[in-house]
Amino acid sequence: MPVVSENVVKEYKRRGTSFTAVDDVSFTVEEGKITAIMGRSGSGKSTLLNILSGMIKPERGLVTIDGKKIFDESVRSRDRLRAEKIGIVPQTHSLVSGLTSYENILLQKSFALEKKESSEDSFSEIVGALDLKDLLDAYPGNLSGGEMKRVSIARALFGNLKYLFADEPTGELDKDNSKKVMELFRTEADKGKGILIVTHDKLAADMADIVYTMENGKLRLL
Amino acid sequence: MRIKDIAFKKIKNGKTGGAVAFLFAIILSFTVFAGMLLASSISIGAGNLKQRLGADIAVVPKGQESNYQGIILNGEPVECSFERKYEGVIRSVEGVDKVTPVIYLASLNASCCSVPIQIIGYDPKTDFVTTPWISDEFVDKFSDGNLIAGNNIAVDDENTLTFFGRTYEVGARLNKTGTGMDKSVYVSFDVMEQLISDAKEKGISFGDENAGDTASITEEYVSAFLVSVKEGYSVDNVAGNIMRQVPGGVVQSKSLYKTVTNGIALISDIIKTITYAMFISITLVTVFLHLYRVGTRKKEWAIYRMMGGSRNWILGLIFTETIALSFLGAVVGIALGALIYFPFSNLISQQVKLPFYLPGITGIILTALASIAVTMLSGVLPGIIAGESAARTECYELMREGEN
Ligand SMILES: Nc1ncnc2c1ncn2[C@@H]1O[C@H](COP(=O)(O)OP(=O)(O)O)[C@@H](O)[C@H]1O
Ligand SMILES: [Mg+2]
């Protein structure tokens, strides 16, 4: 069962007047597929992604994950849902300082109650594909923006969760690394993961199965 | 990774807030540890004093009452003379149980010590205040002609002491009391006679000039009589009776003890006040320190929430960090306290001018545990407040804040 958004609306207040950041969005993130959302900065992509992962509550509309209406649940159970099901790569830098890359990658798994098997193999597969071998002992302060992003992708994948939501995963990467990331996503999707990416990157979108565009909060199938 | 692993990493690689909180924990634990040790050292000293005084009443020549306090509390050398004939008179006073004469003699050039020490003569026939305190290990071998050394008297290799050119064997040692009694040497009256005549040959005179020609001084003159009161009699009444029949002054142990307990009460009040003030102010300061720490890490809380960490998990992490900082600070504070208190305990005891006796190892360990407990307790409130503050912040708001 997939992640489904039905008529989702999110309004923000800006200098007293409210405006609609996400405007009546209905779509589905399917398992085993890469779904991409493209669009200009400020069009509401990140807001939508944060709604789907239960971090922002919409004014109206329905979000169901595997049949569960997530905003009918408590905050705690939404936390748990993320811990158990959704690996997230946020748009901004999101490594915990004071922990090495390796420890950051392990971190995601400490929140899941039921520990899914992720073997040594899958670890070295992910680390190899993202070219992180030499960075495992480094602290975030010593990493470039692109390196941090790759570590946070590895972290979201290592949890071996059912879904992956990635906000601008290739945003700070060079062409070579972007390609590696998308190829890794492809492999993961082929293994059954439901992947949603938000991106500016035309090349990244080209590798997706389904592509939407977003403009002024409205989502359109491309 | 478990919360405690993450907490320790964050502490190790953390920013200033944690280091300052650590420092405050050190200060608090140091204060509590050293303060409690000092308080128990003087109260044990006072307890020893109470036991060791042995006598309820000291009868001394008129006007010498305050000198007598000096002998007991600080071991200050003093001389005085009192006609021995009153011994029988005192013994017959109603309510008197035991009477024993003592002679206090200052030695300016003892072999043991660079400072003058007090030589105290006791009468083996009637003594009930000195010999009962000989350390167990000496009881069997002790014989009357030997010296008894207070616990602080340094003895030479042959276990002897030299006074006025003559060498004496030290037959026994007294248990430590933490009072002036530790700095005294006790001799029987026979030895005392010897000491006095040796001193006279060297041109040093003692006490009452009238005593000068007497062959056997101790038969005629002593410094004081120590008196114990029979069970069921009021010490005040017996002291009054003695004063009426003997031309002397009277010092009651309880008044002597009172000056000490007053001093102790004052010092422990000061220690208590300082400790309370420290506890409260450091707890408050630590609240703000940890709130500051939590405030600078908003992005981190958002990251944990994003990964599915609950509010309680975050609260748990901060609480663990806070308590761990308190604990580590407490341990360092105690180590510092021990490093300062034990080597300098002699100096401290001289400064407080009160009986002073270090607690035993169990007492010290208990004091250390109590200091750790108090210091960790002062981390509980900051931990909860800071943890709540971090747990309350909304995760999505934070992800945006990080964007700018
Ligand atoms: N918490 C918020 N409060 C007010 N305005 C917001 C908030 N979050 C996002 N916005 C605004 O909503 C719009 C959509 O933002 P966002 O979803 O981040 O867009 P995108 O990811 O497509 O760049 C922007 O105009 C942004 O400034
Ligand atoms: Mg965005």
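Chain identifiers are assigned alphabetically (A, B, ...) following the order of the sequence lines, protein sequences preceding nucleic acid strands; residue numbering begins at 1 within each chain. Computed over heavy atoms, backbone and side chain alike; hydrogens, waters and symmetry mates excluded.
- Side-chain contact annotation: B:Y357 with B:D182, donor-acceptor N/O pair under 3.5 Å absent.
- In terms of heavy-atom pairs under 4.5 Å with chain A, the best-connected choice from B:R311, B:K9, B:M307 is B:M307.
- Heavy-atom distances place no part of A:I86 under 4.5 Å from chain B, backbone and side chain included.
- Between B:F342 and B:F33, the angle of the ring planes goes over 60°, which puts this pair in the perpendicular group of the 30/60° scheme.
- With hydrogens and angles disregarded, a donor-acceptor distance shorter than 3.5 Å links the side chain of A:K149 to the backbone of A:E168.
- Under 3.5 Å, the side chains of A:D167 and A:S46 contain a donor-acceptor pair of N or O atoms.
- Ranked by heavy-atom pairs shorter than 4.5 Å toward chain B, the options A:L99, A:V96, A:T100 are led by A:V96.
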Full working for side chain to side chain contact (heavy atoms under 4.5 Å, CB included) between A:L132 and A:Y102: CA-CA 9 Å; A:L132 292 174; A:Y102 176 68; over 6 Å; no

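- Using a 4.5 Å cut-off between heavy atoms, B:K10 contacts chain A through its side chain alone, with no backbone atom that close.
- Only the side chain of A:R155 comes within less than 4.5 Å of a heavy atom of chain B; its backbone N, CA, C and O stay farther away.
- Heavy-atom distances place no part of A:T47 under 4.5 Å from chain B, backbone and side chain included.
- With a 4.5 angstrom heavy-atom cutoff, B:R2 does not touch chain A via any of its atoms.
- Shown here for A:D79 and A:R82, the closest heavy-atom pair between the two residues is OD1-NH2, 2.7 Å.
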